[in-house]
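All residue numbers in this chain count up from 1 along the given sequence. Any value given below was found using the heavy atoms of this structure, including those in side chains, with hydrogens, waters and symmetry copies removed.
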Amino acid sequence: MEESGGDGYTQDGSVDLKGNPVLRSKRGGWRACSFVVVYEVFERMAYYGISSNLVVYLTTKLHQGTVTSSNNVTNWVGTIWMTPTIGAYVADALLGRYWTFIIASAIYLSGMILLTLTVSLHSLRPPPCHEQDVTKCKQASTLQLGIFFTSLYILAIGTGGTKPNISTIGADQFDEFDPKEKAHKLSFFNWWMFSIFFGTLFANTFLVYLQDNVGWTLGYGLPTAGLAMSILIFIAGTPFYRHRRPTGSPFTRMARVIVAALRKWRAPVPSDPKELYELDLEEYSQKGKFRIDSTPSLRFLSKAAVKDGSIGPWKLCPVTQVEETKQMLLMIPILVATFVPSTMIAQVNTLFVKQGATLQRGIGNFHIPPASLSGFVTISMLVSVVLYDRFFVRIMRRWTKNPRGITLLQRMAIGLVLHILIMVTASLAERRRLGVARENGIVEKDGIVPLSIFILLPQFVLMGTADAFLEVAKIEFFYDQAPESMKSLGTSYSMTSLGIGNFISSFLLSTVSRVTKRHQHKGWILNNINVSHLDYYYGFFAVLNVLNLVFFLVVSRFYIYKAEVSDSMQILRENPYMLKSRVSNQERDVNTHTS
């Protein structure tokens with residue numbers, strides 16, 4: 001075996017595109033990651049160049065009302081974040097991450113090109129209208145809406161193959177068996193998020209301004225060109241990438257465990273785990289995989305590894321496969337706890353933008369596009385990530401002895417507390433906005449409220465700070481805690497959270513709008529938000545966040561971590577040659593400290 005950290009072959013099973021083992025000095029590391037990170041900057045510029053201002057296009061160009069336009073945005077964004085589960089399946093079971101990404105990128109780009117054409121051709125949108133209530137204007141035809149939303153959902157299908165694989169491809173460039181490279185991975189997700197929000201900042205400022213003040217053709221054409229450039233950049237890095245072979249469908253492997261356990265539901269689980277079925281350690285070592293010892297959690301599933309004379313993948317599963325299934329299932333309660341904050345994030349590009357459109361946005365002769373306030377989420381996020389990585393972690397390490405400073409669940413909990421504060425702040429700001437509207441007699445006129453748009457600034461800044469805690473930790477948690485053979489599926493968990501959060505937002509907006517109109521009440525959410533009660537709606541969200549925080553504290557209290565990175569790194573420092581013989585212990589040992 002080659003020296004860890006030297007010029008030898010990687011020890012994690014990574015290969016080149018032809019399936020050959022790779023030299024650590026020739027492929028991977030930060031050199032390969034640089035192409036991936038640069039790609040992400042341009043791709044995020046493309047995505048947020050569309051999504052940040054989409055509600056404005058639906059309102060001003062397609063003449064859709066508050067609830068309809070907001071729900072169309074959240075339904076599309078929800079789909080964007082749900083399709084990665086399919087992309088993860090294709091990558092893990094069939095094509096591998098690289099080729100899944102390449103094919104999906106072509107679909108993504110075709111959707112962007114079609115979308116740019118739809119906003120450029122006058123025949124594909126209704127005639128201009130200057131009514132205050134856009135629902136009184138001529139509505140877009142079925143054909144116009146069909147072409148527009150077809151392009152959006154082609155784009156969504158493409159992102160399903162790129163999102164779960166690009167971050168995993170980046171993380172795969174670091175060898176889990178090398179202490180130096182594994183240490184680098186600790187900062188990878190922070191800087192990964194940094195690249196995402198750097199591209200987002202450009203989209204939320206420059207591109208949004210072009211769309212509002214120059215034209216939608218240029219405003220959508222530039223992100224399309226940026227996406228094409230980002231794909232070329234990624235392809236240029238191909239000679240430097242490390243790859244992982246497809247290991248089969250994680251859904252199939254999990255289903256086999258569940259079915260096998262159900263078939264043997266009456267079989268007792270032996271007290272000695274060594275009596276359970278397991279493959280030889282050498283079989284795992286040859287594939288660069290971990291073998292995992294049996295754990296007492298979700299004990300019923302251990303029945304799948306009970307030897308009763310039955311043979312077949314749907315009747316008898318090795319302990320490692322059972323434990324992998326357990327790990328994915330044990331993360332589901334944490335996943336559920338992230339749905340509510342994901343619903344809050346959905347408000348940034350919908351109702352928050354609607355609020356901004358009713359406020360004074362002028363600074364001299366310059367008018368701030370309402371969607372540009374999302375840029376403050378980005379700026380706050382960037383600053384918070386840097387401060388967290390450079391100062392907070394170093395300070396907390398001295399107290400906790402944890403290389404991350406605090407556990408991932410503790411970091412997520414801080415983000416959840418901030419989401420409560422965000423909605424309380426948003427409710428108070430909206431109450432102030434409505435008060436000024438009443439004082440100036442412009443409630444029924446749906447006019448501009450004589451109040452600076454910067455009254456909304458605190459809720460945007462706090463959202464960015466919350467992202468630095470919750471969103472970064474969420475991505476790292478689901479990647480870190482997923483079994484080695486299910487990393488893409490683990491990454492898709494964090495994206496599924498955002499998808500379901502957006503669908504919940506659509507459901508809540510429609511439901512609250514409908515319920516609050518009963519018994520001849522005006523309702524909380526109307527096309528004229530000056531007569532709406534978004535302050536009540538945000539207050540409802542604050543209560544929902546409090547209940548969700550309680551739920552999170554309960555489920556995290558009972559969550560047992562996989563081995564923290566500090567454990568495996570310590571083993572490597574002691575003796576890098578012993579890792580494969582002690583790898584089952586690495587997966588078994590747990591840190592019981594939770595938030």
Side-chain angles (χ1 to χ4, degrees), residues 43-44 46-59 62 64-89 104 107-108 111-112 115 145-146 148-167 196 200 203 332 334-354 371 374 377 419 423 463 466-467 470-471 474-475 478 489 491-514 525 537 541 544-545 548:
E43 191 278 331
R44 291 294 84 187
Y47 169 70
Y48 284 102
I50 303 301
S51 64
S52 296
N53 219 20
L54 183 57
V55 71
V56 174
Y57 184 86
L58 293 175
T59 302
L62 299 185
Q64 296 184 346
T66 298
V67 174
T68 301
S69 60
S70 296
N71 282 351
N72 277 330
V73 171
T74 50
N75 286 337
W76 174 68
V77 173
T79 304
I80 285 278
W81 292 112
M82 290 295 288
T83 52
T85 302
I86 300 173
Y89 168 81
I107 298 173
Y108 190 172
M112 289 287 292
L115 185 62
L145 290 175
F148 182 79
F149 284 107
T150 295
S151 62
L152 281 179
Y153 282 91
I154 289 175
L155 189 159
I157 292 171
T159 59
T162 60
K163 284 183 183 295
N165 292 304
I166 186 62
S167 60
I196 289 175
T200 305
I332 290 178
I334 303 297
L335 172 65
V336 172
T338 65
F339 292 165
V340 170
S342 293
T343 303
M344 304 306 108
I345 293 172
Q347 311 314 307
V348 172
N349 291 330
T350 53
L351 294 182
F352 284 12
V353 175
K354 290 281 189 179
S374 299
V377 176
H419 272 284
M423 285 302 135
M463 187 66 78
D467 284 349
L470 180 57
E471 294 306 303
K474 183 173 71 176
I475 292 174
F478 290 126
L489 181 59
T491 303
S492 73
Y493 266 28
S494 61
M495 300 174 188
T496 299
S497 166
L498 290 169
I500 293 178
N502 274 272
F503 287 127
I504 291 174
S505 177
S506 296
F507 170 76
L508 291 176
L509 189 65
S510 298
T511 303
V512 171
S513 174
R514 182 178 64 256
I525 306 155
Y537 191 54
F541 275 162
L544 195 60
N545 274 288
N548 185 67

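Interatomic distance, L155 CG to W76 CH2, rounded to the nearest 0.5 Å: 5.5 Å. Distance CZ/F339 to CG/L498: 10.5 Å, rounded to 0.5 Å. Atoms OG1 and CG, from T59 and N53 in turn, are 10.0 Å apart once rounded to the nearest 0.5 Å. Interatomic distance, M344 CE to L470 CG, rounded to the nearest 0.5 Å: 11.5 Å. In this structure, CG in N72 is found 9.0 Å from CG in L62, a value given to the nearest 0.5 Å.
By the side chain to side chain donor-acceptor pair (under 3.5 Å) test, Y108 pairs with E43, sequence neighbours left out. Residues passing the salt bridge (charged side-chain N to carboxylate O under 4.0 Å, His left out) test with K163: none are found, sequence neighbours excluded. Applying the side chain to side chain donor-acceptor pair (under 3.5 Å) rule to T150 yields no partners; only residues at least two apart in sequence or on another chain are considered. In this structure T66 satisfies the side chain to side chain donor-acceptor pair (under 3.5 Å) test with no other residue, sequence neighbours excluded.
Put simply, the side chain of L54 does not reach to within 4.5 Å of the side chain of N349, judged on heavy atoms. D467 places a side-chain heavy atom less than 4.5 Å from the side chain of I345. By the 4.5 Å heavy-atom criterion applied to side chains, T200 and Y47 are not counted as neighbours. Side chains of I50 and L152 form a contact here, defined as non-hydrogen atoms less than 4.5 Å apart. Using a 4.5 Å cut-off on side-chain heavy atoms (C-beta onward), T343 and L544 make no contact. Looking at heavy atoms from C-beta onward, M495 lies out of side-chain contact with M82 at the 4.5 angstrom threshold. Taking 4.5 Å as the limit, some side-chain heavy atom of N71 sits within range of a side-chain heavy atom of T74. A 4.5 Å side-chain heavy-atom check between L335 and F478 finds at least one atom pair inside the cut-off.
V55 and S69 get closest at one heavy-atom pair: CG2-OG, 3.7 Å. Considering every non-hydrogen atom in both V353 and S52, the closest pair reads CG2-O, 4.4 Å. In plain terms, the two heavy atoms of I475 and S494 that are nearest each other are CG1-OG, 3.9 Å. Smallest separation of non-hydrogen atoms from L351 and L509: CD1-CD1, 4.1 Å. Contact detail for A203 and G49: the closest heavy-atom pair is CB-N, 3.5 Å.
At least one donor-acceptor pair under 3.5 Å links the side chain of T83 to the backbone N or O of I80. Put simply, the side chain of S374 gets close to the backbone of A371: a donor and an acceptor are under 3.5 Å apart.
Sorted by first and then second residue, the side-chain hydrogen bond (donor to acceptor under 3.5 Å, both in side chains) pairs involving residues 496-505 (not counting sequence neighbours) are T85-T496, T338-S497, S342-S497, Q347-S505, K474-S497. Sorted by first then second residue, the side-chain hydrogen bond (donor to acceptor under 3.5 Å, both in side chains) pairs that include residues 151-162, not counting sequence neighbours, number zero.
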### Query
Yes or no on ring pair (Phe, Tyr, Trp, His ring centres under 6.0 Å) for F503 and F507, after CA distance, side-chain angles and deciding distance?
CA-CA 6 Å; F503 287 127; F507 170 76; over 10 Å; no

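The aromatic rings of F148 and Y57 sit parallel, their planes meeting at an angle under 30°, below the 60° perpendicular limit.
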